[in-house]
Amino acid sequence: MDPTLRDRAVGLYDAFTHEHRDRRTLLRQMTALAGSVAAAEALIVGIAASPAAAALTEPGDPRLVTRKGGYAIGGGARMTGYFAAPRNAGAPVGAVMVIHENRGLQPHIEDVARRIALAGFFAVAPDFLSAQGGTPADENVARDMIGTADMEAVVAAAVATVGRLGKLSHGTGRVGTVGFCWGGALVNRVALAAGPGLAAAVSYYGPAPDPAEAPRLAVPLMLHYAGKDARVAQTGAPWVAALKAAGRPVEAFDYPGVDHAFNNDTSAERYDKAAADLAWGRTTAFLHQHLDART
């Protein structure tokens, strides 16, 4: 595919997914770009995450214990989440909350939770649409639901989840979080809100808070940004500059030439294995640094 056409197509799709434009507008714009409805549909399929794509880990991996179920977050409220842990850890492990994209708790994020568990952590991927009945099968409906979510309540649910994870009997008492896109933005908010209960936070291409909030950060924070992701860079660059100016504990990495959502292997046109592997190695090393038991 012509790189210029591809980049324009990704830009149109990002506007659709993040600015809540309707699919009819997307198809019309893609058709004008690609030359036919069939070519436009093929472009959309290549860019969009595919729920049918093969996972990088097996749901029944014998090295893991996994389940999906509910848990209490206080005040009579409950969340649904996907849990994954090493079957034979042999020692207490750190806990990691995995935060989904704006499509809700999808199989891809469950796969990421299993990867976190295989890296030696107890992982939970909460469904932040739990209060609205849970993630629906239609990802476009899920995006609409995300757009209407009460973000104060979402942050409170995330902070409550961090609190529960810090009390695990088989854990180190140290909790981290990692999130992607919408989840990456939520990671930044949770890092500001969770206080000492959170030991480390990793945000992948998440829109950033107001830079004026930077002095409040007390949690070691790792940020991953895609070089071609101008939308997120508009907020990310000032956020990183403000954190560094305030002397906050931040590590920020840019990955040149890759798109927003470069870690999502279910999107054929976005996924960049080299960047994803590099970022993942940095992420797991960072989490081990801050979550492992101290000797």
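Every heavy atom of this structure was used, including side-chain atoms; hydrogens, water molecules and symmetry mates were not. These numbers come from a predicted model, not from an experiment.
Sorted by first then second residue, the ring pair (Phe, Tyr, Trp, His ring centres under 6.0 Å) pairs that include residues 233-252, not counting sequence neighbours, number zero.
Annotation: side chain of Q132 is in contact with side chain of T148 (closest heavy-atom distance under 4.5 Å). At a threshold of 4.5 Å between non-hydrogen side-chain atoms, the residues V190 and L186 count as touching. Annotation: side chain of M151 is in contact with side chain of V154 (closest heavy-atom distance under 4.5 Å). With contacts defined as side-chain heavy-atom distances shorter than 4.5 Å, the pair V258/K228 does not qualify. No side-chain heavy atom of L291 sits less than 4.5 Å from a side-chain heavy atom of V175. Looking only at side-chain heavy atoms (C-beta outward), R174 and H290 stay at 4.5 Å or farther from each other. With contacts defined as side-chain heavy-atom distances shorter than 4.5 Å, the pair F180/V187 does not qualify.
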> Could you walk me through whether T177 and I99 pass the side-chain contact (heavy atoms from CB on, under 4.5 Å) check?
Replying inline: CA-CA 7 Å; T177 185; I99 306 180; 3.5 Å; yes
>> Under the criterion side-chain contact (heavy atoms from CB on, under 4.5 Å), I'd like the reasoning laid out for N264 against E101: C-alpha separation, chi angles, the key distance, then a yes or no.
In response: CA-CA 10 Å; N264 192 334; E101 301 159 316; 3.2 Å; yes
> Yes or no on side-chain contact (heavy atoms from CB on, under 4.5 Å) for M97 and V162, after CA distance, side-chain angles and deciding distance?
Replying inline: CA-CA 7 Å; M97 176 174 63; V162 168; 3.8 Å; yes
>> If you apply the rule side-chain contact (heavy atoms from CB on, under 4.5 Å), what do you find for V96 with V202, and how did you get there?
In response: CA-CA 10 Å; V96 179; V202 183; over 6 Å; no
> How far apart are the C-alpha atoms of Y205 and H224, what are their side-chain angles, what is the distance that settles it, and do they pass the side-chain hydrogen bond (donor to acceptor under 3.5 Å, both in side chains) test?
Replying inline: CA-CA 6 Å; Y205 31 78; H224 298 295; over 6 Å; no
>> Quick one, T80 with D127, criterion side-chain hydrogen bond (donor to acceptor under 3.5 Å, both in side chains). Give me CA distance, side-chain angles, the key distance, then yes/no.
In response: CA-CA 6 Å; T80 297; D127 184 348; 5.8 Å; no
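Tracing side-chain contacts under 4.5 Å through hydrophobic residues (I, L, V, M, F, W, Y), one reaches V124 starting from V219; they form part of the same cluster. Both V155 and M79 sit in one connected hydrophobic cluster of ILVMFWY residues. Membership requires side-chain heavy atoms under 4.5 Å apart, directly or through other members. Under a hydrophobic-cluster definition in which Ile, Leu, Val, Met, Phe, Trp and Tyr are linked whenever side-chain heavy atoms come within less than 4.5 Å, directly or via other members, L221 and W182 are assigned to the same cluster. Note: the hydrophobic cluster containing F121 does not contain V65 (ILVMFWY, side chain heavy atoms under 4.5 Å, direct or indirect links). Taken together through direct or relayed side-chain contacts under 4.5 Å among Ile, Leu, Val, Met, Phe, Trp and Tyr, V178 and V232 form parts of separate hydrophobic clusters.
Nearest heavy-atom pair, A95 versus L168, reported as atom, atom and distance to 0.1 Å: CB-CD1, 4.0 Å. Summarising the geometry of G104 relative to A142, their closest heavy-atom pair is N-CB, 4.5 Å, with the distance given to 0.1 Å. P220 and A199 get closest at one heavy-atom pair: CD-O, 3.3 Å. Taking each heavy atom of T235 and A208 in turn, the nearest pair found is OG1-N, 3.0 Å. Closest approach of T284 and A119 over heavy atoms only: CG2-CB, 3.9 Å. Listed here is the closest heavy atom pair of P126 and V98: CD-O, 3.3 Å.
Ring pair F253/Y255 is tilted by interplanar angle, where 30° to 60° counts as tilted.
To the nearest 0.5 Å, atoms CD (Q234) and CG (D229) are separated by 9.5 Å. Note that the CE atom of M145 and the CG atom of D138 stand 10.5 Å from one another [nearest 0.5 Å]. In this structure, CG on N263 lies 5.0 Å from OH on Y204, to the nearest 0.5 angstrom. The CE atom of M222 lies 4.0 Å from the CD atom of E251; values are rounded to the nearest 0.5 Å. Taken to the nearest 0.5 Å, the CZ atom of F128 stands 10.0 Å off from the CG atom of L105. Atom NE2 of residue H100 and atom SG of residue C181 lie 11.5 Å apart, to the nearest 0.5 angstrom.
No donor-acceptor pair under 3.5 Å is formed between the side chain of T172 and the backbone N or O of A293. Side chain of D259 to backbone of F262: no donor-acceptor contact under 3.5 angstrom is found. The closest donor-acceptor contact from the side chain of D210 to the backbone of E213 lies at 3.5 Å or more, if one exists at all. At distances below 3.5 Å, at least one donor-acceptor pair connects side-chain atoms of D111 with backbone N or O atoms of T57. Within the 3.5 Å criterion, the main-chain N or O of P62 finds a donor-acceptor partner in the side chain of R87. With hydrogens and angles ignored, the 3.5 Å screen pairs a side-chain donor or acceptor of R164 with a backbone N or O of A72.
Between R270 and D265, none of the side-chain N atoms (NZ, or NE/NH1/NH2) sits under 4.0 Å from a carboxylate O, so this pair counts as no salt bridge. The pair R114-E58 fails the salt-bridge criterion, with no side-chain N (NZ, NE, NH1 or NH2) lying under 4.0 Å from an Asp/Glu carboxylate O.
Annotation: cation-pi pair R78/Y71 absent, no NZ/CZ under 6.0 Å from the ring centroid and within 45° of its normal. Taking the ring centre of F83 as origin, the terminal cationic atom of R67 falls inside the region bounded by 6.0 Å and 45° from the ring axis.
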